[in-house]
Amino acid sequence: MTVFAATGRGAASAGWRYLVVTGWRNNVADTVEALARGRRRHTDPLGLEDQLLGAAVRPRRFGELVAATSRPVLARDHLQRLLWKRRLAFDLNGPLGDGTWIYPVGP
């Protein structure tokens with residue numbers, strides 16, 4: 001398409017790389033949709049988010065993190081919220097599940 005070609009030439013003249021991406025891997029759209037539920041405001045009277053952040057000082061699997069809290073069933077939603085808010089990180093190359101590696105985010 002003409003627009004993409006023109007944008008590509010403009011980016012190249014500025015020394016930038018340019019790439020057009022179409023579509024997502026199936027798991028990415030599903031994961032983003034699941035995490036988007038974390039954008040809604042909610043309370044944390046049990047302090048589960050602090051428990052999760054305290055347990056995530058090193059990379060750990062999703063299931064290990066929630067199991068390290070006082071209420072694992074409830075902690076799943078809080079962990080998804082922390083991922084949505086980018087307080088913790090993970091790789092979108094695979095589906096989000098108990099085996100997914102969760103990483104601490106810098107200071």
Side-chain angles (χ1 to χ4, degrees):
M1 302 189 86
T2 305
V3 174
F4 293 135
T7 304
R9 286 192 299 277
S13 69
W16 299 340
R17 291 177 32 195
Y18 176 75
L19 176 68
V20 176
V21 178
T22 59
W24 290 88
R25 290 183 177 127
N26 291 338
N27 69 288
V28 173
D30 294 342
T31 299
V32 170
E33 184 177 318
L35 292 180
R37 284 176 272 186
R39 72 185 182 277
R40 294 182 182 86
R41 182 176 289 172
H42 73 280
T43 61
D44 184 18
L46 300 174
L48 294 172
E49 291 182 11
D50 287 338
Q51 291 177 41
L52 288 162
L53 290 169
V57 294
R58 62 177 173 78
R60 294 181 73 178
R61 295 196 185 266
F62 189 102
E64 292 173 25
L65 281 174
V66 297
T69 67
S70 60
R71 301 282 195 274
V73 172
L74 300 174
R76 291 178 175 281
D77 285 339
H78 288 277
L79 181 50
Q80 288 182 344
R81 179 173 172 77
L82 291 170
L83 292 168
W84 176 260
K85 296 288 188 177
R86 298 182 185 162
R87 305 271 318 271
L88 294 171
F90 73 106
D91 187 353
L92 274 171
N93 281 322
L96 182 61
D98 281 351
T100 302
W101 283 99
I102 307 297
Y103 303 95
V105 175

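Because the structure is a prediction, the values reported are computed rather than measured. Every heavy atom of this structure was used, including side-chain atoms; hydrogens, water molecules and symmetry mates were not.
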Taking all non-hydrogen atoms of both residues, which atom of [X] and which atom of [Y] are closest, and how far apart?
X   : Y    : value
T43 : H78  : O-CE1, 3.6 Å
L65 : L52  : O-CD2, 3.6 Å
V32 : W84  : O-CZ3, 4.1 Å
A56 : L88  : CB-CD2, 3.6 Å
G97 : T100 : N-OG1, 2.8 Å
A11 : Y18  : CB-CB, 3.8 Å

Can you establish whether the number of heavy atoms outside R87 located under 6.0 Å from its atom CZ is more than 12? no

For a 4.5 angstrom cut-off between non-hydrogen side-chain atoms, does L35 reach Q80? yes

Any heavy-atom pair between the side chains of L82 and E49 that's under 4.5 Å? yes

Decide whether V66 and L83 are clustered together by the hydrophobic rule: side chain heavy atoms of Ile, Leu, Val, Met, Phe, Trp, Tyr closer than 4.5 Å, transitively. yes

Identify whether L53 and F62 are in the same connected component of the hydrophobic contact network (ILVMFWY, side-chain heavy atoms under 4.5 Å). yes

So how far is it from T69 OG1 to L79 CG, rounded to the nearest 0.5 Å? 9.5 Å

Separation of D77 CG from L48 CG (nearest 0.5 Å): 10.0 Å

Taking the basic N atoms (NZ, or NE/NH1/NH2) and the acidic carboxylate oxygens, is any pair closer than 4.0 Å for D98 and R76? yes

With sequence neighbours left out, the residues meeting side-chain contact (heavy atoms from CB on, under 4.5 Å) with P59 are W101, Y103, P104

Is R71 reaching over with its side chain to a backbone N or O of L46, donor-acceptor style, under 3.5 angstrom? no

Tell me if a side-chain donor or acceptor on Q51 pairs with a main-chain N or O of S70 at a distance below 3.5 Å. yes

